[in-house]
Every structure is written in structure tokens, then in C-alpha cells.
**Q** 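Let me begin by handing over the structure; questions about it come next.
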Protein chains: 2
Amino acid sequence: MDRQILQERLAALIASTPVGERLPSEPKLAKQLGVSRATLREAMRVFETQGLVWRRQGVGTFVARPAQVLESGLEVLESIERMAERIGLPVTMGELHVQVQSASRSVANVLQLEPGASIVHVARVILVEDRPAAYLEDMVPEGYLTVEEVNGYFTGSVLDLLLRRESPPLGSSRCEINSVAAESAVARALNIQRGDAVLRFVSLLYTVDGKPIDYSLSYFLPGYFRFHVVRRVS
Amino acid sequence: MDRQILQERLAALIASTPVGERLPSEPKLAKQLGVSRATLREAMRVFETQGLVWRRQGVGTFVARPAQVLESGLEVLESIERMAERIGLPVTMGELHVQVQSASRSVANVLQLEPGASIVHVARVILVEDRPAAYLEDMVPEGYLTVEEVNGYFTGSVLDLLLRRESPPLGSSRCEINSVAAESAVARALNIQRGDAVLRFVSLLYTVDGKPIDYSLSYFLPGYFRFHVVRRVS
DNA sequence: CCGCTGTCAATTGTCTGACAACCCATTAAG
DNA sequence: CTTAATGGGTTGTCAGACAATTGACAGCGG
């Protein structure tokens, strides 16, 4: 059995088990899923780390909360478009600007490039019911992304584009969360007043071997999206 | 060896290994740490889930990024006071209000209580260099927290108080992130204008068996604190 | 009847040894 | 020079076993 399949089946099991209920014992579950106890335990450790289940020696493994909560959290990197699709919110893309720029000093520094290196800059507005809800900027070193690629296949998400071409394999993203007053460019794009409160994500996406590949700024108008994160104790 | 010790030693090893470098092979590392390969793999799976390391069959295990990044992220539940202490930011507590209230319908609903049940309401302002930086509200069902306890030992953090008394054991917290315009009470507490942008966390803390124990609203002025979260792929 | 204690089965935590799958460098063959 | 085979090293998985812990239950004494 594939590892991913195992994780999904376990997630389904956890989701379908009432909170507080005990899961089948490890030997039974391992036999039922057709894997060894060691493999099952390793997979279960992931859910334990995420606070979904809770194990106690001599007693059993219990469901702490439904898996659904996590699936929509910030822990998993997901494009706005896929998130909207999942929750059934119809979004469209307005005003798209794609161009090749030379990186400024600060951007080059963040992306670990030489100052002046070519980057592809993608900026667009996300519309919900034809009203601006988010403004997204992505900066990707040229070579990982081409202007033609964006103009050809673009559905609104740079992340989905990078995920589709499986090389380089993506690792994780570090996302800093702020509340800022909208500067003029952002205010214009979102059709709000300068100085209005917007939620800003500053994200840096890394490949598995730690190279930054996408520096993005996301501005969200309050109300359209709900973001959350599950925080574990110790 | 204790599980926590093992995790800490592994975290130290990862932190002291340059990004991109290979870790010792599993058999060697297991022997070196005095645990079996199965146990080591289970522990390592935690770091893999968090995007700290990256394993590839037939090749090895590699460090994806330094552990330090995660340690200050939102994934781990930590009080503002401890976070400030860790980054060397001197904070003090201003205006503390503690009182027993009867829960409103919405609060009772969130905390899974009968409407009108008694809750302990704690509100205080966090000062950085004698200037307001955050406004925190906690609502805890009576029984988990007493007014005397707060007035006696309080250092500014309800979370630390709940952590100190080890029963009930805490599980995880779900934190929703918003950017909102400050309402009048918050604006007054933080000494800002009504309508100014503040970052708001709405958190619900659960025990390991899934009972809500602390409903908290946190308002942060931009600039004093930096919050981030690591998002993993798929 | 109540409370205490020892016993026992069930469950998770860990260990051992082994094999499979995979990757990479080296070597051999063409 | 190019290509195929090979072998060592690494992670992925497995089966079986034992240790540690827990909760329930029977038995006993008061």
C-alpha cells in the first residue's frame, strides 16, 4: 500500500469516528489495513503530532477532534483557488499582470539571488462575486517559471502551476502574518481606501532541498476568507 | 530514553546540521542515540511532517531548514509572555480585569456550556516599553480557573496558568486569524483610534479529550509581534 | 455494604533482525 | 566513448517478541 493512501485511509477513519471514541487497537488496525504495526504507528504519529488523535499506553488511541478542521487550516499549503473551490466559493480572476523584472536588492536577498537577476512577477486580483477580495503578488526566479507558461495555463495560482510541474519538488512554505494598513497600490487594486485594514501574508516557498522558489505577498479583505491554524501544546 | 528527550536531541542535531546536509544513516543514528530504528523513524517522522527534514529512499535523510524557524511559529501553542521572553522583548502587564460572569449565549455555545453558566473573564493589556501592544481576553469555565488563582499567581498569561496545573491535560488550540478594525473598547485599551487595523486571533483551547476550556480573543497592534506559520505541501 | 488489594487481560511503547526497494558510483562489456 | 551490469549503502517495510502501563474484576477484610 502506498504511504499516501495509508494516510488518507487513516484520515478517513479518524474523520468518521466520533470525537472521544477509541480507535481499533494497533494490531487489529494494522491487520485491517494490511500494513505492519511499525508502519501504522509511524503514520499515526503524524496525526498525533497534529493533535488529531491522542495515544495513551495501556489504554488506546482516541480521536481528539475531527480531521476536517485541520484540512482547511494553514498547516497545509494550498492555493486560494483550491481553497475557494473546496468551500464552494466561486472566485474569478481580475486584472492580471505578468512581466519579467530585475530583482530589487531586498527581493534578491530574500530569494537568495544576485541583485538584478531576472524574476517573473505575477500580480492579480481575486474576485468574489465580481468584487475584489484579495490581491496577490508572486515573485519567482526566471527558470522556474516562464511568462509563456503563465499566459498559457494560468488559472490564478502560481502555486498550482509550480505544483503541476513536479520538478523541483516543493518542500514547505513559511508564511508571516500581519495586519497592515493598505498602501496606495493595494488600495487601488482592492478598491478600498488607503489605510484600511487588510490581512497580509508574506510567504516564502522552498523546495525540498531548501532553496527559495517563490516570494509572495497576499492581501486579503476581511470577511471573505477565514484562516486558522491548529496549535499544539509543547 | 524518554520520548521528549529523544525529540529534543534530534531537534538539536537537526539545528546543528547545515541546511542541505545529510544526517547520519538511521542504523548509525539509532545506535548513537541508544534507541531502535523503529523508534527513531517514528520520531523522525514528526520532523518530516513539519518540513524540517526530508527523506529519500536509497539516498538518505537531509535537513531542509533550521529548526529554529519552527520553534517560534504558531504551530506550537505559547503564551505571549513566553514568546516575548524568548525573543528578549521586555513586556509588562497593564490594566488587569478579572471577574466572574454568566456566559452569554454565544460564549456558552462556543465553550459547550449551558447559557448563563459561570465563567471567569480575564482581560488585560500587554505593554511593550510602557506602550500598549496587545489586548487579551480569556473566558474560562469556572472550575478550571478561580478568581483567587488569577489574582494570586497571575503573570499575564492564562495559558501558562492552565499549563502549570497539569490537570486537565491540554491538547491543542484552534486559532482563527483575522484583520479587523478596532471596536471602541479595544481602541480605548490599546490607545488607538476606532477603526484602526489590528490583528485578531480568536482561539479555542481544548483538553486532550476534546473539551473546550479557554475561549480567547487577542488583539495585536502591528509591528510589535511577528507571527508566522510553516505550511507543508500536500 | 464499602473499601482495599492483587490478578489479569488488553493496549501502547520499544526492540531485534531481516528483507525489499531504491539510488548512486564503479566497473565491465560492447 | 557509450551502455549495461553490479555491488554497497540507505530508507521503507515487515514479523514477532517483550516491557510498561492501564482499567476492570474478583476476592478479601472490615
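In what follows, every chain begins at residue 1, and chains take the letters A, B, ... in the order their sequences are listed.
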**Q** B/Lys28 NZ to D/dT10 C1': how many Å, rounded?
**A**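 Distance, rounded to whole Å: 10 Å.
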**Q** Let me know, please, whether B/Glu26 or A/Val35 comes out on the 5' side of the other along DNA chain D by nearest nucleotide.
**A**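 Its nearest nucleotide lies further toward 5', so the answer is B/Glu26.
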**Q** Rounded to whole angstroms, how far apart are NZ on B/Lys31 and P on C/dC15?
**A**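 Distance check: B/Lys31 NZ to C/dC15 P gives 15 Å.
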**Q** Does B/Arg22 have a side-chain nitrogen or oxygen under 4.0 Å from the phosphate oxygens OP1 or OP2 of D/dT10?
**A**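 Looking at the OP1 and OP2 atoms of D/dT10, one of them is under 4.0 Å from a side-chain N or O of B/Arg22.
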**Q** Does A/Thr61 make a side-chain N or O approach to OP1 or OP2 of C/dT12 shorter than 4.0 Å?
**A**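 For C/dT12, OP1/OP2 do have a side-chain N/O of A/Thr61 under 4.0 Å.
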**Q** So what does A/Arg56 hit on the nucleic acid, given a heavy-atom distance under 4.0 Å: a base, only sugar-phosphate, or nothing?
**A**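 Sugar-phosphate contact only - A/Arg56 comes under 4.0 Å of backbone atoms but never of a base.
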**Q** To the nearest angstrom, how far is B/Glu42 atom CD from D/dG12 atom C1'?
**A**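 To the nearest whole Å, that distance equals 14 Å.
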**Q** Between A/Leu29 (CG) and C/dG13 (P), how many Å, whole number?
**A**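 It is 14 Å, rounded to the nearest whole Å.
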**Q** Ignoring hydrogens and angles, are the base of C/dG17 and the side chain of B/Arg37 linked by a donor-acceptor pair under 3.5 Å?
**A**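 Check fails, no donor-acceptor contact within cut-off.
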**Q** When the distance from CD of B/Glu48 to C1' of D/dT10 is rounded to whole Å, what number comes out?
**A**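 Roughly 14 Å, once rounded to whole Å.
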**Q** Output the rounded distance in Å from CD1 (B/Ile5) to P (C/dG13).
**A**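 Taking atom P of C/dG13 as the reference, CD1 of B/Ile5 is at 17 Å.
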**Q** Out of B/Val100, B/Ile119, B/Leu113, which residue meets the side chain to side chain contact (heavy atoms under 4.5 Å, CB included) rule with B/Glu142?
**A**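 Per the side chain to side chain contact (heavy atoms under 4.5 Å, CB included) rule, the option paired with B/Glu142 is B/Val100, out of B/Val100, B/Ile119, B/Leu113.
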**Q** How many Å lie between CD on A/Gln57 and C1' on D/dT21, as a whole number?
**A**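 Going from CD in A/Gln57 over to C1' in D/dT21 covers 5 Å.
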**Q** Considering heavy-atom distances to DNA chain D, does B/Arg45 or B/Gly58 have its closest nucleotide positioned more toward the 5' end?
**A**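 Looking at the nearest nucleotide for each, B/Gly58 comes out on the 5' side.
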**Q** D/dG12 phosphate, OP1 or OP2: any side-chain N/O from B/Arg55 under 4.0 angstrom?
**A**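 Result: yes.
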**Q** Quick check against the 3.5 Å criterion: does A/Thr17 have a side-chain atom that pairs as donor or acceptor with the backbone of A/Glu21?
**A**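 Flag not set: sc A/Thr17 to bb A/Glu21 has no pair under 3.5 Å.
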**Q** Salt bridge check: are B/Arg41 and B/Glu26 linked by an N-O gap of less than 4.0 Å?
**A**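 Answer for the salt bridge query: yes.
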**Q** Salt bridge or not for A/Arg56 and A/Glu48, using N-O below 4.0 Å?
**A**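 Between A/Glu48 and A/Arg56 there is no salt bridge, as every charged N stays at least 4.0 Å from the carboxylate O atoms.
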**Q** Within less than 4.0 Å of OP1 or OP2 of C/dG13, is there a side-chain N or O belonging to B/Thr39?
**A**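 For C/dG13, neither OP1 nor OP2 has a side-chain N or O of B/Thr39 closer than 4.0 Å.
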**Q** Side-chain N or O of A/Arg41 less than 4.0 angstrom from OP1 or OP2 on C/dT12?
**A**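 So the side-chain polar atoms of A/Arg41 never come under 4.0 Å of the phosphate oxygens OP1 or OP2 of C/dT12.
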**Q** Find the distance B/Leu23:CG to D/dT11:C1' and express it as a whole number of Å.
**A**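 Going from CG in B/Leu23 over to C1' in D/dT11 covers 13 Å.
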**Q** Under 3.5 Å, is there a donor-acceptor pair between the side chain of B/Gln112 and the main chain of B/Lys211?
**A**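 No; judged by distance alone, with no hydrogens or angles, the pair does not exist.
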**Q** Which nucleotide, C/dC23, C/dT11, D/dT10, lies nearest any side-chain atom of A/Ser25?
**A**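 Nearest to the side chain of A/Ser25 among the choices is C/dT11.
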